[in-house]
> 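To start, I am sharing the structure in question, which I have written as structure tokens.
In what follows, chains carry the letters A, B, and so on, assigned in the order in which the sequence lines appear, proteins first and then strands, with residues in each chain numbered from 1.
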Amino acid sequence: MTDYSIQELMIIASAREIKDGELVFVGMRLPITAYGVARLTHAPDAVGLFECGVARYAPATDMLYTMGDPPNQLNAAWTTGLIPVMSQLQRGRVDAGFIGGAEVDRYGNVNTSYIGDFNNPKIKLPGSGGAADIAAMSKRLLVIINHEQRRLVEKVDFVTSPGYLDGGDSRATAGLKGGPSAIITDLAILRPYGPDNEMHLASLHQGHSVEEVQEKTGWNLKVLPQMVETPPPSAEEMAALHEIDKEGFWR
Amino acid sequence: MTDYSIQELMIIASAREIKDGELVFVGMRLPITAYGVARLTHAPDAVGLFECGVARYAPATDMLYTMGDPPNQLNAAWTTGLIPVMSQLQRGRVDAGFIGGAEVDRYGNVNTSYIGDFNNPKIKLPGSGGAADIAAMSKRLLVIINHEQRRLVEKVDFVTSPGYLDGGDSRATAGLKGGPSAIITDLAILRPYGPDNEMHLASLHQGHSVEEVQEKTGWNLKVLPQMVETPPPSAEEMAALHEIDKEGFWR
Amino acid sequence: MKKKILPLKDAIARFVVANSSVVLGAVLEPDVPFAATHEIIRQGIKGLNVIAPISDASTDMLIGAGCCNEVTGAWVGNVSGGLGHNYRRAFEDPDAAAVKLHDHSNFSIAMALMAGAYGMPYAPIRSILGSDITKSNPDMMMAENPFSDDREPVILVPPLVPDVAVVVVQRADVFGNNHHWGSRGVVQEAALAAENVIVLANEIVEPGVIASDPSRVLVPGYLVSAVCHVPAAAHPSPQTGCWKRDNAFFGDYHAESRSVEGFDKWLQEWILGVEDHAAYCQKLGSQLEDLRITGSNLAAPTNYAAG
Amino acid sequence: MKKKILPLKDAIARFVVANSSVVLGAVLEPDVPFAATHEIIRQGIKGLNVIAPISDASTDMLIGAGCCNEVTGAWVGNVSGGLGHNYRRAFEDPDAAAVKLHDHSNFSIAMALMAGAYGMPYAPIRSILGSDITKSNPDMMMAENPFSDDREPVILVPPLVPDVAVVVVQRADVFGNNHHWGSRGVVQEAALAAENVIVLANEIVEPGVIASDPSRVLVPGYLVSAVCHVPAAAHPSPQTGCWKRDNAFFGDYHAESRSVEGFDKWLQEWILGVEDHAAYCQKLGSQLEDLRITGSNLAAPTNYAAG
């Protein structure tokens, strides 16, 4: 029963983070596929939001390269401006949002802006887009990232998208609610734990060890006492995924 | 050559206040008719704006009772929200706007809110609507009012729509540009004059005397040295008005 | 998707609770949800804060019927007649129940609803500098623009987050998705700000009709609490492409509401003595039928095809 | 009304002057006005501040061509490929001409353009609290919400008032009136904020077509400085109902712009060595024709009749 790719597992793990009826910024590629799986399984009434000004009750049926592509406009729930859709974050209506990043740190802060000093960066990344807004204002932030030591770092060089900032109540002090609820990687799922809101190893994907995950993490990754093995995709989940990913892009 | 009603003269005097190409909040009834006359005579490219969220290149062809009536929507230049249209005031794009009122004072301030103390009013008037915004933010304010002593008062009980406030530079001190450029009544046209920005008798309608106007004004109305007689409607102006007012409503 | 279709009676009973704040008429003169106003009066819901920039005679009726003790608005009266008699009495007549007014201009209330819609902590404006509205409405705050060199004055308008917004649209599906066209005042901001949205649709259509034109959607169904099929919900106010304005009806209301007795008689005849909106329409009979728009001026075809 | 139709070349020459601020791509990924980007590069206009929340590879091209030394945006790169190589070089390579970045999130730049559009002195937001964007962008100001009891932190975003906004629409008339449908990002705010608006229309239609649906108008002609008939103005980005995205073209650009030499070669082939947008379309040939949307998914009929 290992007939799934690691990307398929990440998609299904992401889908499980979406609850029925929720409003979710679903981004592109992996998360939008996860949204599709969630809709076809346990969350038929989840709504997908896109920063360009689109809301949908179901993913587009044709392949998308960007959120604004014609198939994402056709039969959408709403095609409008960025502000009416993205302001639902600041209005407090958005339950969850997916973002990726070049770096994520011990407290779930995400960097998509600068590697090195922002005044003289070693690498200039593309920037926030809507990620800072989604991270600051959704009730739960979901971070998708490949598990590499250079990506899961002790402290990001630049907080594009706030997680728990310096941990503890520093996020609340900054005026924010919510916060990261999961970092979903190709090895594991990390979740915040304790009053310090530090990201802990919460769920381990089949075939990987705690030691391997710790080694590939740039901070001293602690393990939750109640750590589980990530449940493998169910037949229903895989069927839903294959219905969406007919061409086997994620296989 | 007195073959016009006083209301027709007021409409034509109002039309003359609109310059070609201007953006103008044209209100209803008398001013919207004035806008129509201006378009057909000297200001073919004046644009009419309405607070409900309508912009037009020409008045509606059918009778309107409110700005939002179906004929004002049909073939409009734009039907949108209040904010995209009214914000053109605050954005500094609007050249002129017409308002009416229960009271106007020596400095062109207009009251449409309360007669008496606002905490315990003798009369509660309907309120600002968009008049305060038009008065504060258009480059030129045009006030239409019947010339009665109880209406043209020394000082309004409540400044709904700011004119020159307490005169002098008090309007600028309040953070405002623009200001009233004319009070058009059934007897005369008053305009601000001098560093004090007090409203003076600038133009007298045919058949009325300076004394009559002063008597019907609630402050010591001064007369501009260059006061003129309001030019009677030209044949072209009357033709334009009759083209709009086919049923002779204003006759 | 969940069906949200409800009879108007049930939608009002469920979402418009006593002492709540309700947007009733945010399109200015058109699309005033009079059918909801009437139903609120019939159900005797009290203590409302009625939010509306301009809503023609609707607010005046609610005051006269004793449903409303706060008004948040820019203009209350009767567009045909001028003054609103019940509104005046509430301020001028010591015997009338008092109404607390949160005084606004059209633009300041629009900015307050926009701030509520977009989750902004407040909206800084210049638009009513110099007006005494900032004195009669202590909710607003005078401040200085921190980006200016010269301590430029600005006014800070706090956000409005209504409990309910009732909105009138031309068509909706059973899931609450809807289309609105023509000028829209601040109804979209009001709907996005509110905790609950009740949609009154002139027509209920197949979901595919709404989905065919997602840029025409006023507020998507997922933000709607209830959708009610109420033809002519805005009567006597107009609705673009559907209904003309009933000027005579407004004029009659203005004349009859001049006295308390006259208003009570009008109320009995047109609201309390009428079972529901369908009966109201039936009572109007040919007077309503004459207001129905039957002509055709169709929007140019618009293609959303993706391939 | 005054006709405002101009060849793209003339509209750019007249309104996009050196050292001005120009919105090029405010719809996010679709409707990026690449035809204008290319014409700006051909005319060698220098010193621009390019404003765009996300505009796919457009900003990267302008940087590489030396037209732009300031960027006001939330994301600069290549949506297909990720990083924008010229953009990176401007920050990372000491030999490259530097670019000053006014760093934003999508929402903060949207609020800045909204404040510009609506004449607001600034926009207070919460949306990027906690982000270091407020450090890298000193234009923003930290403050406290004066309406809160607990000194709630807020961020004040100053307004953006661009010199020019270039917008892509599906159709326009010769007076600049236009229709846009599909998601619109912040292009309406950008157009209302800007001092001059240049409209690039896929199709020029009779004025009656635009007037038939005034709720579909993006920005009315009286606020437009020039309208240009430029089919496929957004290529390689998509345009709702008209053109699919040219993913291969973006991919090629990404691959070729990896080196300065590769970029220069690409620039010569696709922009400098091409007379104008018509020649660019001709050069694309069947590659462009394959992107043309030919299907039909029409919006439901909508009636504006008044009687």
Side-chain angles (χ1 to χ4, degrees), chain B residues 28 50-54 64-76 78-83 85-87 89-90 109 111-114 116 118-137 156 158-163 165 170-171 173-176, chain C residues 27-31 53-54 56 73-80 82-84 87-88 90-92 101 103-108 110-111 114 125-133 135-136 152-154 181-189 237-245 247 250 293 297:
Chain B
M28 291 299 300
F50 301 86
E51 300 152 51
C52 53
V54 171
L64 297 181
Y65 293 89
T66 79
M67 304 180 189
D69 282 7
N72 218 29
Q73 313 282 346
L74 181 63
N75 295 323
W78 202 15
T79 55
T80 181
L82 177 155
I83 294 174
V85 172
M86 285 204 75
S87 65
L89 285 160
Q90 200 176 246
N109 304 298
N111 180 11
T112 52
S113 298
Y114 305 90
F118 70 77
N119 285 309
N120 188 18
K122 196 169 141 241
I123 301 175
K124 178 69 192 89
L125 301 164
S128 163
D133 309 300
I134 292 168
M137 292 288 136
V156 291
F158 186 93
V159 178
T160 309
S161 303
L165 297 174
S170 59
R171 183 178 167 99
T173 304
L176 298 174
Chain C
V27 186
L28 279 59
E29 295 94 344
D31 298 344
I54 288 175
D56 221 321
W75 194 94
V76 179
N78 180 311
V79 176
S80 296
L83 300 171
Y87 185 63
R88 281 192 61 177
F91 288 85
E92 299 169 20
L101 172 65
D103 212 354
H104 273 282
S105 73
N106 276 347
F107 195 70
S108 73
M111 288 284 114
M114 183 188 86
I125 67 169
R126 297 191 180 94
S127 193
I128 54 170
L129 286 168
S131 170
D132 286 341
I133 292 173
K135 295 178 187 156
S136 60
E152 184 185 87
V154 297
W181 58 96
S183 64
R184 62 169 192 262
V186 287
V187 72
Q188 188 169 58
E189 291 81 3
S237 72
Q239 187 178 20
T240 302
C242 299
W243 299 97
K244 292 181 276 191
R245 189 171 191 270
N247 304 296
F250 277 109
I293 289 175
N297 288 82

> Nearest 0.5 angstrom please: C/R88 CZ to B/I123 CD1, how far?
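If I round to the nearest 0.5 Å, the distance is 5.0 Å.
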
> Considering all heavy atoms of both residues, which atom of B/A132 and which atom of C/I133 are nearest to each other, and what is their separation?
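Result for this residue pair: CB-CD1, 4.0 Å.
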
> Which distance, rounded to the nearest 0.5 Å, do you find between the CZ of C/F91 and the CG of B/L125?
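Here the interatomic distance stands at 11.0 Å.
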
> Below 4.5 Å, heavy atoms only, C-beta onward: do B/P126 and C/L83 meet side chain to side chain?
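B/P126 vs C/L83: side chains touch.
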
> Relative to chain B, which of C/S136, C/G73, C/G84, C/A90 shows the most heavy atom pairs under 4.5 Å?
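Going by pairs under 4.5 Å, I would pick C/S136.
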
> Can any side-chain N or O of C/S131 pair as donor or acceptor with the backbone N or O of B/V159 at less than 3.5 Å?
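A pair under 3.5 Å: yes.
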
> Using non-hydrogen atoms and a 4.5 Å limit, figure out which bit of C/D31 sits close to chain B: side chain, backbone, both or neither.
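The answer is neither part of C/D31.
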
> Which atoms of C/P53 come close to chain B, meaning under 4.5 Å heavy atom to heavy atom: side chain ones, backbone ones, both, or neither?
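Contact with chain B: none, neither part.
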
> Only pairs of heavy atoms separated by less than 4.5 Å count here; which of B/S170, B/A76, B/S87 has the most with chain C?
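Result: the option with the highest number of such pairs is B/S87.
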
> Is it the backbone or the side chain of C/V79 that comes under 4.5 Å from a heavy atom of chain B, or both, or neither?
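Answer is side chain: those atoms of C/V79 sit under 4.5 Å from chain B.
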
> Who pairs with B/F158 by ring pair (Phe, Tyr, Trp, His ring centres under 6.0 Å), at least two apart in sequence or on another chain?
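Ring pair (Phe, Tyr, Trp, His ring centres under 6.0 Å) list for B/F158, sorted by chain: B/Y114, B/F118.
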
> Considering non-hydrogen atoms only, spot the tightest contact between B/D133 and C/S127 and give its length.
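Residues B/D133 and C/S127, closest heavy atoms: OD1-OG, 2.8 Å.
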
> Take atom OH in B/Y65; do more than 12 heavy atoms of anything else shown fall under 6.0 Å from it?
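At most 12 heavy atoms, drawn from other residues, nucleotides or ligands, come within 6.0 Å of this atom.
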
> Determine the option with the most heavy-atom pairs under 4.5 angstrom with chain C, choosing from B/G81, B/G175, B/G127, B/A174.
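The candidate making the most pairs under 4.5 Å is B/G81.
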
> If you apply the rule side-chain contact (heavy atoms from CB on, under 4.5 Å), what do you find for B/M137 with C/R126, and how did you get there?
CA-CA 8 Å; B/M137 292 288 136; C/R126 297 191 180 94; 3.5 Å; yes

> Give, as side chain, backbone, both or neither, the part of C/W243 having an atom under 4.5 angstrom from any heavy atom of chain B.
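Only the backbone of C/W243 comes within 4.5 Å of chain B.
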
> Of all residues at least two apart in sequence or in a different chain, which pass the salt bridge (charged side-chain N to carboxylate O under 4.0 Å, His left out) check with C/D132?
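By the salt bridge (charged side-chain N to carboxylate O under 4.0 Å, His left out) rule, C/D132 matches C/K135.
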
> Find the one option among C/I54, C/V186, C/N247, C/T240 whose heavy-atom pairs under 4.5 Å with chain B are most numerous.
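Highest number of pairs under 4.5 Å: C/N247.
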
> About how many Å separate CG of C/N106 and SG of B/C52, when rounded to the nearest 0.5 Å?
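Reported value, rounded in 0.5 Å steps: 9.5 Å.
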
> Just by modelled atom types, is the C/S183 backbone N or O under 3.5 Å from a matching donor or acceptor in the B/Q73 side chain?
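At least one qualifying donor-acceptor pair exists.
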
> Based on non-hydrogen pairs under 4.5 Å, which of C/S80, C/P238, C/C242, C/G77 is most in contact with chain B?
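With the most close heavy-atom pairs to chain B, the winner is C/P238.
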
> Hey, which of B/M28, B/E51, B/M67 is the one that makes side chain to side chain contact (heavy atoms under 4.5 Å, CB included) with C/E29?
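The residue from B/M28, B/E51, B/M67 that satisfies side chain to side chain contact (heavy atoms under 4.5 Å, CB included) with C/E29 turns out to be B/M67.
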
> When C/F107 is tested against each of B/L82, B/I134, B/L89 for side chain to side chain contact (heavy atoms under 4.5 Å, CB included), which residue passes?
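The option that passes is B/L82.
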
> Based on non-hydrogen pairs under 4.5 Å, which of B/S161, B/G68, B/A131, B/G129 is most in contact with chain C?
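Option with the top pair count is B/G129.
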
> Are side-chain heavy atoms of B/Q90 and C/I125 found at a separation under 4.5 Å?
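Contact flag for B/Q90/C/I125 side chains = yes.
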
> As an exercise: rank B/L74, B/N72, B/T160, B/T80 by heavy-atom pairs under 4.5 Å with chain C and give me the winner.
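Sorted descending by pairs with chain C, the first entry is B/T80.
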
> Flag the one option from B/L165, B/V54, B/L176 with the top tally of heavy-atom pairs under 4.5 Å to chain C.
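Top option by heavy-atom pairs under 4.5 Å: B/L176.
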
> Sort C/E92 into side chain, backbone, both or neither according to what part of it lies under 4.5 angstrom from a heavy atom of chain B.
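Both the backbone and the side chain of C/E92 come within 4.5 Å of chain B.
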
> Could you grab the distance from atom CG of C/L28 to atom OG1 of B/T66, nearest 0.5 Å is fine?
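If I round to the nearest 0.5 Å, the distance is 9.0 Å.
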
